[in-house]
Protein chains: 4
Amino acid sequence: MSLPTKNFLKEISLQTDHSKKPTEKQQKIIEAAIKMFAEKGYANTSTSEIAKEAGVAEGTIFRHYRTKDRLLLSILLPFIKKSFPSIAEGVFKEINLDQLTSFEAFLKALITNRIEFIKAHKEIFRILIKEILYNEKLKKELEPFVIKNILSRILPMIERFKEQGELVDLPAETIMRILFTHLFGYFISRFLILPDDIVQDEEAEVEILVNFIMEGLKKRS
Amino acid sequence: MSLPTKNFLKEISLQTDHSKKPTEKQQKIIEAAIKMFAEKGYANTSTSEIAKEAGVAEGTIFRHYRTKDRLLLSILLPFIKKSFPSIAEGVFKEINLDQLTSFEAFLKALITNRIEFIKAHKEIFRILIKEILYNEKLKKELEPFVIKNILSRILPMIERFKEQGELVDLPAETIMRILFTHLFGYFISRFLILPDDIVQDEEAEVEILVNFIMEGLKKRS
Amino acid sequence: MSLPTKNFLKEISLQTDHSKKPTEKQQKIIEAAIKMFAEKGYANTSTSEIAKEAGVAEGTIFRHYRTKDRLLLSILLPFIKKSFPSIAEGVFKEINLDQLTSFEAFLKALITNRIEFIKAHKEIFRILIKEILYNEKLKKELEPFVIKNILSRILPMIERFKEQGELVDLPAETIMRILFTHLFGYFISRFLILPDDIVQDEEAEVEILVNFIMEGLKKRS
Amino acid sequence: MSLPTKNFLKEISLQTDHSKKPTEKQQKIIEAAIKMFAEKGYANTSTSEIAKEAGVAEGTIFRHYRTKDRLLLSILLPFIKKSFPSIAEGVFKEINLDQLTSFEAFLKALITNRIEFIKAHKEIFRILIKEILYNEKLKKELEPFVIKNILSRILPMIERFKEQGELVDLPAETIMRILFTHLFGYFISRFLILPDDIVQDEEAEVEILVNFIMEGLKKRS
DNA sequence: GATGAATGAGCTTTCATTCAT
DNA sequence: CATGAATGAAAGCTCATTCAT
């Protein structure tokens with residue numbers, strides 16, 4: 001895949017101008033593409049397969065999305081915008097941060113929020129992860145974007161809780177990395193590798209996960 | 001990719017018949033393929049690229065490996081044989097299990113051992129993970145193999161330590177799943193997503209990781 | 001060549017679904033393929049040669065016929081349907097059988113009819129014969145079809161004329177075989193080996209041929 | 001197939017210089033090639049298949065025969081020399097022509113002789129016919145050779161018997177063509193299309209065949 | 001806007017042939 | 001002599017993309 005633009009962020013905002021409502025055919029195409037990309041991966045899915053699955057002519061795909069690349073981006077970009085940048089914002093909006101007296105409460109809110117989000121967009125999440133891993137280019141282009149949006153928001157949060165004496169005495173970046181490694185790893189394991197319905201008691205699952213991380217990160221006395 | 005055989009395990013043992021020493025060119029081909037598959041993924045790498053990278057004619061690849069599929073398997077199968085089946089065996093051989101009085105010690109030995117193994121074959125690990133995620137077929141064929149080899153060995157171990165009162169009072173399968181999710185997730189995050197040299201103090205890293213998991217899994221008093 | 005189906009007869013009827021009108025390019029492709037297959041044989045003709053001859057892109061061939069195999073079948077199947085099953089039917093339709101008082105008259109009608117048919121499709125006939133000889137698989141798949149359609153129609157005819165005392169006292173199968181051997185042999189010699197225009201007086205030719213066969217087969221007194 | 005020489009006849013005599021006895025490996029190669037060419041046709045048989053069947057290395061084939069073409073010729077040329085040029089000679093040698101008072105006796109001797117010859121070299125005969133039909137070039141190069149050798153010998157014979165009043169009053173060329181068409185057609189039908197062992201009583205078969213032809217060709221009173 | 005025929009670049013694979021050992 | 005690794009040209013085929021209708 002050769003991404004059509006060098007400036008990923010600009011592309012995202014340009015893409016936003018798609019204020020026009022998608023036609024019924026467009027909807028069908030997107031649905032078909034999501035299904036097949038998630039199943040077989042972008043590179044293993046041909047546009048003709050998508051067209052057949054969507055019940056449209058192959059030309060129709062290109063009329064709307066110009067290239068296969070942009071079809072992928074049309075799926076991923078809205079998802080990325082809704083997920084990464086707001087990774088904390090979403091939390092912040094739904095929770096009154098001031099009332100979060102503990103890092104544990106913050107973490108629980110964050111994880112619950114993200115799990116729900118991924119569950120609501122499971123297939124697109126799968127596509128994104130697969131392509132990040134498979135496609136060095138996409139990964140590279142996403143990296144600064146993620147760093148800017150996630151790190152910049154979470155790091156201060158960590159600093160604050162460190163000051164409050166809630167977290168282990170490690171550099172904030174290290175804590176960040178540990179947190180990220182485990183959370184991200186958890187999401188991939190759970191949503192890309194394990195069977196779909198393995199977790200039954202979601203609340204208990206989050207409880208364990210938070211406990212897990214907290215015990216690893218909380219200040220040792 | 002259409003895997004050339006239905007019986008993955010048989011294929012593995014047949015593949016062992018590599019009694020003939022590989023040519024110099026064969027070595028070059030394998031090296032080039034590993035490099036490119038790890039970088040761009042199997043589906044995004046053409047055999048002509050591999051040939052060019054290896055400095056051989058494209059025909060030479062097919063003289064030795066018959067298909068692109070089998071080239072991939074030639075890389076993955078030896079790795080799988082060395083990694084999955086022995087995931088605990090390796091640990092058992094190097095450590096005197098009887099002396100492992102605690103689950104923590106066992107976990108530390110296991111993780112250290114596997115990290116070293118992956119570090120020694122980082123690129124092949126990347127290829128394997130990428131293809132497992134990207135290629136539903138490979139995943140499906142690997143699943144029973146993994147279940148048989150990993151679960152059957154680790155589960156008894158967990159039972160034992162549960163009986164010794166070291167582990168949280170959850171079903172062994174749940175503990176297993178939690179352990180797997182986090183370890184696997186950790187490996188993927190660390191070796192496929194984060195930059196190569198982010199971990200400097202490996203011993204401390206394992207310490208944190210084990211601590212992390214132990215705190216989450218140990219018996220709560 | 002690996003024929004795409006096991007059931008030749010089914011394939012034939014499926015193929016009939018050619019309800020869509022062929023494109024102009026499709027027509028060109030078929031014409032070019034017929035010309036080149038007849039000239040050089042299927043195996044010695046490359047799809048790129050056909051494309052060049054037809055004045056289309058190579059991809060166009062595969063868009064319409066999926067494989068080189070099916071291109072060949074697209075040419076042969078309609079011909080087979082029109083030729084073999086009706087080998088006698090065509091005769092029966094055009095001639096009032098009841099009025100055929102003699103085997104000689106029947107034979108003459110049959111031969112005249114088939115010669116005209118082959119002359120009208122000389123190139124396809126050549127392709128078919130060549131492939132039957134060259135391609136064991138095609139021959140095998142065609143065999144039961146031919147037996148069913150030809151033998152079952154001609155044998156009763158022979159029996160009838162034997163009863164009328166017109167034919168030599170040999171088993172009907174033997175007469176059938178002799179007839180077949182000579183007719184088929186004649187067609188191959190004439191249309192595949194001898195120059196195109198060697199026969200000038202067609203009527204005389206048939207006369208000689210029928211005479212030839214009749215003298216060999218008629219009842220000896 | 002691109003025949004390696006323009007002058008077929010010269011090639012034949014050059015080839016004769018192979019007075020050296022073939023090695024055991026050469027024998028194996030020739031046998032394997034004959035078997036596979038007869039079965040699948042020249043174009044559908046790869047040199048590596050031949051090598052495997054013969055139990056030699058692929059290089060060995062090329063060491064002895066330089067090209068795949070020449071391997072084919074090594075098989076066909078001796079056969080052609082023994083068959084076509086002597087088509088009558090063989091007859092002449094074995095039979096005392098002067099004693100042949102009738103065309104029928106000549107024909108019977110000729111046919112019996114040729115049937116035995118083909119039966120002794122059935123596979124090579126098949127290869128030759130297949131390639132003559134499949135390969136326009138070979139056919140073209142063989143044509144003058146055949147004309148020169150066959151026509152020049154049989155035509156005078158026909159003239160002679162015509163003068164003796166044994167044959168129908170048609171131009172000798174026409175009689176020749178009819179004879180050729182039927183004989184050649186008969187051989188192809190019998191040895192390439194019908195099953196191997198369909199003829200049980202060979203003597204009766206020849207009897208019928210000769211009768212067949214004679215009745216067609218003999219002088220009508 | 002929607003279609004699907006047409007394209008051509010590029011893919012995997014085959015194969016006759018060469019040549020160092 | 002025999003081998004088989006290596007070659008590269010050409011084969012059949014796929015696929016994203018274009019464009020006339």
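Just so we're on the same page: letters track the sequence lines, and every chain starts at 1.
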Side-chain donor or acceptor of Tyr65(B) paired with backbone N/O of Leu72(B) under 3.5 Å: no
5′-ward residue of the pair Gly55(A)/Lys68(D) relative to DNA chain E: Gly55(A)
Rounded distance in Å - NZ (Lys40(C)) to C1' (dA11(F)): 13 Å
Nearest-Å distance for atom pair NZ/P, residues Lys25(C) and dA5(E): 13 Å
OP1 or OP2 of dA2(E) under 4.0 Å from side-chain N/O of Arg63(A): no
Residue closer to the 5' end of DNA chain F, Gly59(B) versus Thr45(C) (nearest nucleotide): Gly59(B)
For dT21(E), the Watson-Crick or wobble counterpart (both distances under 3.5 Å): dA2(F)
Donor-acceptor contact below 3.5 Å, side chain Tyr134(C) vs main chain Ala43(D): yes
Euclidean distance, atom NZ of residue Lys52(D) to atom C1' of dG4(F) [Å, nearest integer]: 13 Å
Candidates dA16(E), dC11(E), dG4(F) - which lies nearest the side chain of Ala57(D): dG4(F)
Any His64(B) side-chain N or O less than 4.0 Å from OP1/OP2 of dG4(F): no
Spacing of Phe62(B) atom CZ relative to dG12(F) atom P, expressed in whole Å: 17 Å
Lys/Arg-Asp/Glu bridge criterion (N-O < 4.0 Å) met for Lys137(A), Glu141(A): no
For atom OH of Tyr65(B) and atom P of dT13(E), their distance in whole Å: 15 Å
Residue closer to the 5' end of DNA chain E, Val56(A) versus Ala43(D) (nearest nucleotide): Val56(A)
Nucleotide paired to dT7(F) in any strand shown, Watson-Crick or G-U, under 3.5 Å: dA16(E)
Sugar-phosphate, base or nothing in reach of Ser46(A), heavy atoms under 4.0 Å: sugar-phosphate
Distance in angstrom units between Ile50(C) CD1 and dG8(E) P, rounded: 18 Å
Touch class at under 4.0 angstrom, heavy-atom based, for Thr23(B) against every strand present: sugar-phosphate
Below 4.0 Å: OP1/OP2 of dT3(F) and any side-chain N or O of Thr60(D): yes
Between dT21(E) (P) and Glu58(D) (CD): distance, integer Å: 20 Å
Main-chain N/O of Tyr42(A) paired with Lys68(A) side-chain donor or acceptor, under 3.5 Å: yes
Which nucleotide in dG4(E), dG4(F), dT17(E) has an atom nearest any side-chain atom of Thr47(D): dT17(E)
Separation of atom NZ in Lys28(D) from atom P in dA2(F), rounded to whole Å: 12 Å
Under 3.5 Å side-chain donor-acceptor pair for Glu58(D) and Ser48(D): no
